[in-house]
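A short worksheet on the structure shown next.
Residues: numbered from 1 along the sequence shown. In this text, all values refer to a predicted model and were calculated from it rather than measured experimentally. Atoms within each ligand, like the ligands themselves, are counted from 1 in listed order.
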Amino acid sequence: MAEETTANSKNQPKYKRIVLKLSGEALGDRTAGDTISGEILQRIALEIKKVHDLGVQICLVVGGGNIFRGKLGAASSQKVDRTTGDFMGMMATMINGLALMDCLEKNGVPVRVQSALHIEEVAEPFILRRAIRHLEKGRVVIFVAGTGNPYFSTDTTAALRASEIGADVIMKATKVDGIYDADPVKNSGAKKFDQITFIDALKNQYAVMDSTAFSLCLDNEMPIIVFDMNESDSIRRAVMGETIGTLVC
Ligand code: UDP
């Protein structure tokens, strides 16, 4: 009986409630000139569906960098005031969130979008208990408009929402397949870590997240898995506890 329990638990997801952080750029296809690529959306939706079918409760936090970033707007010739630019960036995350919602729904995944800025016609306001209820009912919840405050990032949003909803882990999808001791593009001998501690990441200044987001995870002991979204099946495998990317804990 004990053996049976062990065997069964091996087939169970290690993480039951996750926050998946997708950057805005992960939705676009620069070569094709698409700010949001239908093909990429569909690929992401299918990866999420696989994990949803396992009964995992999924929150998505989506960035807006494919459309607008407040900091860059202020620095560029556009000269948009930083605070205004940040609100433009938050609105960009809404656009991406709606695109993800649409694609997930077309693949049969129930979704609710909750926004930190009020835009009732298209998204519910962020209400923690309602978000948890959606998760319990098997709905994917997409958090848009970041934290609702300028001078923050969507990585910080992921850290904040993950702590609020009591997620088991944040899965941060990036272009690289984990954290290295040197830049793998410039240094072919760079070594990838399967796992590192928060303190080691901090001491060695490994770029996991921006410092506000990172310290929120550190303070709340929220594990982060940094992984490559382009690697097929990576979310499912990570959720099942396989070594994917780098686990920071
Ligand atoms: N943003 C903000 N407050 C937040 C989250 C985001 O002001 O709480 C703005 C900020 O301008 C940011 C932009 O929204 O640059 C898009 O978010 P982010 O840069 O995190 O997107 P990503 O890099 O993940 O695509």
Side-chain angles (χ1 to χ4, degrees), residues 18-30 34-37 40-41 43-44 47-48 58-101 103 113-119 122-128 131 141-165 167 170-176 179 207-217 220 222 224-230 235 245 248:
I18 64 167
V19 168
L20 175 64
K21 162 68 211 300
L22 296 170
S23 71
E25 276 176 7
L27 309 185
D29 182 347
R30 275 196 191 176
D34 294 336
T35 308
I36 299 177
S37 152
I40 292 175
L41 274 182
R43 188 156 42 81
I44 294 172
E47 295 287 326
I48 293 171
I58 308 162
C59 296
L60 301 179
V61 171
V62 62
N66 53 330
I67 302 171
F68 203 83
R69 283 198 178 99
K71 217 179 194 172
L72 297 184
S76 73
S77 58
Q78 296 161 349
K79 295 269 179 281
V80 178
D81 170 74
R82 171 71 194 263
T83 307
T84 305
D86 278 342
F87 280 110
M88 291 166 73
M90 285 185 261
M91 288 183 190
T93 73
M94 290 182 177
I95 294 173
N96 287 334
L98 291 180
L100 274 168
M101 175 195 76
C103 194
V113 179
Q114 289 206 344
S115 173
L117 294 175
H118 291 244
I119 174 161
V122 287
E124 293 178 10
F126 167 65
I127 299 173
L128 175 63
V141 181
I142 306 180
F143 294 123
V144 298
T147 61
N149 298 293
Y151 293 92
F152 287 100
S153 68
T154 49
D155 275 3
T156 302
T157 312
L160 181 64
R161 296 289 182 249
S163 303
E164 286 176 290
I165 63 145
I170 295 176
M171 300 191 55
K172 182 176 152 75
T174 64
K175 281 184 237 153
V176 276
I179 300 169
V208 182
M209 285 179 164
D210 62 76
S211 57
T212 314
F214 188 80
S215 41
L216 209 50
C217 290
N220 294 303
M222 178 60 62
I224 310 160
I225 298 175
V226 178
F227 73 105
D228 182 359
M229 185 76 199
N230 294 319
I235 315 178
V248 188

* **Presence of salt bridge, K175 and D228, under 4.0 angstrom** =>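 Looking at D228 and K175, the cut-off is not met.
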Given side chains that start at C-beta, do those of [X] and [Y] come closer than 4.5 Å, heavy atoms only?
X: M94; Y: N96; value: no
X: I36; Y: I95; value: yes
X: M90; Y: N149; value: no
X: F143; Y: T154; value: no

* To do: Please confirm whether R82 makes a cation-pi placement over F87, using NZ or CZ under 6.0 Å from the six-membered ring centre and within 45° of the ring normal.
  =>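 Output no; distance or angle outside limits.
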* To do: Could you name the protein residues that come within less than 4.0 Å of ligand 1, counting only heavy atoms, and order them by chain and residue number?
  =>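 Correct list: K21, S23, G24, G63, G64, G65, F68, R69, G70, D86, G89, M90, G146, T147, N149, P150, Y151, F152, S153, T154, T157.
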